[in-house]
Amino acid sequence: MLNTGKGPAVRSSRAQADRKKYREYMKITLEKQSRLDLKQSLIEKVLIKRGQVQGVQTHLKERFLGTAVILSPGTFLNGLIHIGLVHFPAGRMGEFPATALSQSLRDLGFRIGRFKTGTCPRLDGKTINFSKMKVQYGDFSPIPFSFSTRSINRSQAPCYITYTNSRTHKVIESGLDQSPLYTGIIKGTGVRYCPSIEDKVVKFPERAGHRIFLEPEGRGTVEFYPNGLSTSLPVDTQYKMVRTIEGLEEVEIVRPGYGIEHDYVDSTQLFPTLETKLVRDLYLAGQINGTTGYEEAAAQGLAAGINAALRVRGRNSFILDRSEAYIGVLIDDLVTKGTNEPYRMFTSRVEYRLLLREDNADLRLGKRGYRIGLIGKKDFRRIERRKGRIEQELSRLKETRLTPNKNVNTKLKEWGSSPLTHPLSLEEVLRRPQISYQKLGSLEERGEGISLLEAHQVEMQVKYKGYIQRQAKEVARFKKMERAKIPRDLEFSKIPGLSHEVKEKLSRFRPVSLGQASRIPGITPAAISVLLVYLRKTKG
């Protein structure tokens, strides 16, 4: 769990998975999934007819037809790998890029840009001196990502921490004349928040060292991933660089790090469902929309998959807004503002992050997941029971009063909290910064049947009650704007009172609601007022 020393709004779980085992597990899961066919081929063309997608065509001229198509090509879209001054087409090391597919999208009228990302060299664990590094263990009792998983009982594999130093930085600086980043060979914009080690050294010359996390790739391999050491320097420079780092003096590189450029589509050409505005029933997800990172890609894949399936079934679309989920913020940022650099999701982008904590995701989104069929009846009933126990305990804390006595006041004094002079509700006592739910339980009878996670939920809701209520009011105002839907075929050019610039922007972005229109750069509050009045008049 990251950021445990900070408030609950910015805490987040980080898991480490065995890459090979995970890949094998997911492959067999997909292969066994009923009503799912898996095919492998290189897609070259999107097939359309009268503005509607018909399917895709492969390099072997095979055609796979479908009512809806989702493209999620990752970094393969016209991918180009860079290692020093050597570069070659690839979507990932050793795999062909999707070059013709990129041209197919251009031919359909999509605006194509170019981004750059990169990866670290992989190191041979047999040649690493771990005794010189700090061991970083996982949490003693790790909290599962899924609310359906009761506990994680398998042993955890540790990571190791080391640092770059002045010698490392000198090696990097001496190799910049062969860096594709600093010789202008790489044209695409790189990731600002996850820079390469070259970028770190050049942009932060005052830093004596940069932290490196050595992460095991899996239990069945000795490969290690040096997180924080992303690079596209030449292979010989990579060897010199890593061998200046403590613990890596004699390390062998299994595979060098590299930079990769890839094409992406202007994400403002998408609706919030991730369906494209140019081609009906064509959806885009992942790096093709200008994002970077596995989590961002997975979030979009989920949203696009849901909406494509709902479209095929003739059901209403599924949109999570900014007040409901991080996925909502991610997608709204992309389709409303676009991005001029690889986009990553951060808590700082989320206005209502105190409400959108990961610990209450099932309580917030369980019902919506159940309605569209992603959560089964058994899991949904469990969520409802959990919600009921939390609400019952909150009610009990509000109604039960704690009377001052010697035992109570002695304990309060020990904890650095002022003694009681008159009866207070348990909710008021728990609101004190020195009192936790666990401590409260030693002052009175604890609620029956409350799990540790539910107790945590109760404590968060009590301690942050004022802030939560304030954000809830802000969300209510936000929802009002989001509910004001804009017809898909509305001709903005015919609305009187709007400037030519505003009409042009609204026609280009095609917002689905008044709320989304208000977040488009350059759309003024006055323009939103005119639009609101027009919508009310046309509705009669």
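None of these values were measured; they are calculated from a predicted model. Counting from 1, the numbers follow the sequence of the chain as shown.
Scanning all heavy atoms of the two residues, the minimum distance from K116 to G259 falls at CE-CA, 4.2 Å. For the residue pair L424 and R432, the shortest heavy atom distance occurs at CD1-NH2, 3.8 Å. Taking every heavy atom of both residues into account, E358 and S13 meet most closely at OE2-OG, 2.6 Å. Here the closest non-hydrogen pair linking Q16 and P216 is NE2-CD, 3.1 Å. Residues Y370 and I375 share a closest heavy-atom pair of CD1-O, 3.3 Å. Taking each heavy atom of T273 and S317 in turn, the nearest pair found is CG2-CB, 3.5 Å.
Side-chain N or O atoms of R382 include none that pairs as donor or acceptor with a backbone N or O of K378 at under 3.5 Å. Looking only at distances, no side-chain donor or acceptor of K337 sits under 3.5 Å from a matching main-chain atom of R519. In terms of modelled atom types and a separation under 3.5 Å, the side chain of T400 and the main chain of L397 share no donor-acceptor contact. Put simply, the side chain of E296 gets close to the backbone of M345: a donor and an acceptor are under 3.5 Å apart. In this structure, E459 contributes its side chain and Y437 its backbone to a donor-acceptor pair below 3.5 Å. The backbone N or O of P423 sits less than 3.5 Å from a side-chain atom of R401, completing a donor-acceptor pair. Put simply, the side chain of N307 gets close to the backbone of A303: a donor and an acceptor are under 3.5 Å apart. For S174 (side chain) and V171 (main-chain N/O), a donor-acceptor pair under 3.5 Å exists by modelled atom type. Here the side chain of K21 pairs no donor or acceptor atom with the backbone of G220 at under 3.5 angstrom. Under a 3.5 Å cut-off, the side chain of E198 and the backbone N or O of L176 do not form any donor-acceptor pair.
The residues R322 and D332 are annotated as salt-bridged, a charged nitrogen and a carboxylate oxygen being separated by less than 4.0 angstrom. Under a 4.0 Å N-O distance rule, the pair R19/E217 qualifies as a salt bridge. Using a 4.0 Å cut-off between a side-chain N of Lys or Arg and a carboxylate O of Asp or Glu, R368 and E324 qualify as a salt bridge. Salt-bridge annotation for K398 and E428: absent, with no side-chain N of the basic residue lying under 4.0 Å from a carboxylate O of the acidic one. Taking 4.0 Å as the cut-off between side-chain N and carboxylate O, E393 and R389 do not count as a salt-bridged pair. Using a cut-off of 4.0 Å between Lys/Arg side-chain N and Asp/Glu carboxylate O, K367 and E384 are scored as not salt-bridged. Under 4.0 Å is where a charged nitrogen must lie from a carboxylate oxygen, and between E250 and R243 no such pair does. Taking a cutoff of 4.0 Å between a charged side-chain nitrogen and a carboxylate oxygen, K387 and E391 do not qualify as a salt bridge. Remark: D359 engages R357 in a salt bridge, criterion side-chain N to carboxylate O under 4.0 Å. A salt bridge links E95 with R92: at least one charged nitrogen is closer than 4.0 Å to a carboxylate oxygen. Using a 4.0 Å cut-off between charged side-chain N and carboxylate O, E206 and K200 make no salt bridge.
When only modelled atom types and interatomic distance are considered, E249 and N129 share no side-chain donor-acceptor pair under 3.5 Å. With no hydrogens or angles considered, no side-chain donor-acceptor pair links Q287 and H262 at under 3.5 Å. A donor and an acceptor atom, one from each side chain of T119 and R122, are located under 3.5 Å apart. In summary, the side chains of T168 and N165 do present a donor paired with an acceptor at a separation below 3.5 Å, with no hydrogens or angles considered. In the model, N289 has no side-chain atom that pairs as donor or acceptor with a side-chain atom of T291 under 3.5 Å. No side-chain donor-acceptor contact under 3.5 Å links T231 and Q238.
When side chains are defined from C-beta on, Q300 does not count as touching L284, because their heavy atoms never get closer than 4.5 Å. With a 4.5 Å cut-off on side-chain heavy atoms, L248 and L123 count as touching. Looking only at side-chain heavy atoms (C-beta outward), E223 and R255 stay at 4.5 Å or farther from each other. With a 4.5 Å cut-off on side-chain heavy atoms, L355 and V475 count as touching. The shortest distance between side-chain heavy atoms of E246 and Y163 does not fall below 4.5 Å. With contacts defined as side-chain heavy-atom distances shorter than 4.5 Å, the pair I172/L233 qualifies. Here the side chains of F318 and P272 are not in contact, with every heavy-atom distance at 4.5 Å or above. In this structure, the side chains of P419 and P404 stay at 4.5 Å or more apart for every pair of heavy atoms.
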message: Assess the residue pair N409 and K413 against the criterion (side-chain contact (heavy atoms from CB on, under 4.5 Å)); give the C-alpha distance rounded to whole Å, side-chain angles, the decisive distance to 0.1 Å, and a yes or no.
response: CA-CA 6 Å; N409 283 340; K413 189 175 180 180; over 6 Å; no
field: Candidate pair E427 and E399, rule side-chain contact (heavy atoms from CB on, under 4.5 Å), full reasoning
entry: CA-CA 8 Å; E427 180 187 80; E399 294 168 3; over 6 Å; no
- request: Step by step, work out the side-chain contact (heavy atoms from CB on, under 4.5 Å) result for I260 and M93.
  value: CA-CA 9 Å; I260 181 167; M93 184 67 85; over 6 Å; no
- prompt: Should Y283 and L71 be marked as a side-chain contact (heavy atoms from CB on, under 4.5 Å) after you check the CA-CA gap, both sets of side-chain angles, and the distance that decides it?
  reply: CA-CA 6 Å; Y283 298 79; L71 295 182; over 6 Å; no
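Remark: K20 NZ is loosely packed, at most 12 non-hydrogen atoms of other residues, nucleotides or ligands lying under 6.0 Å away. Remark: R381 CZ is loosely packed, at most 12 non-hydrogen atoms of other residues, nucleotides or ligands lying under 6.0 Å away. By the neighbour-count criterion of 12 heavy atoms within 6.0 Å, atom CZ of F346 is densely surrounded, having more than that number from other residues, nucleotides or ligands. Atom CZ of F145 is surrounded by more than 12 heavy atoms from other residues, nucleotides or ligands within 6.0 Å.
In this structure, D321 CG and I331 CD1 are separated by 11.0 Å, a value rounded to the nearest 0.5 Å. To the nearest 0.5 angstrom, L181 atom CG is 4.5 Å from I186 atom CD1. Taking SG of C120 as the start and CD1 of I253 as the end, the distance is 11.0 Å to the nearest 0.5 Å. For the atom pair T221 OG1 and D18 CG, the distance stands at 8.5 Å (nearest 0.5 Å). In this structure, CH2 in W415 is found 6.5 Å from NZ in K439, a value given to the nearest 0.5 Å. Between the OG1 atom of T237 and the CD1 atom of I83 there is a distance of 12.0 Å, given to the nearest 0.5 Å.
Ring planes of Y160 and F130: tilted class, angle from 30 to 60°.
For R349 and Y343, the positive end sits near the middle of the six-membered ring, less than 6.0 Å away and at most 45° from its axis.
With E252 as reference, D124 is the one residue of D124, V242, I128 to meet the side chain to side chain contact (heavy atoms under 4.5 Å, CB included) rule.
Separation of the Y326 and Y352 ring centroids does not fall under the 6.0 Å cut-off.
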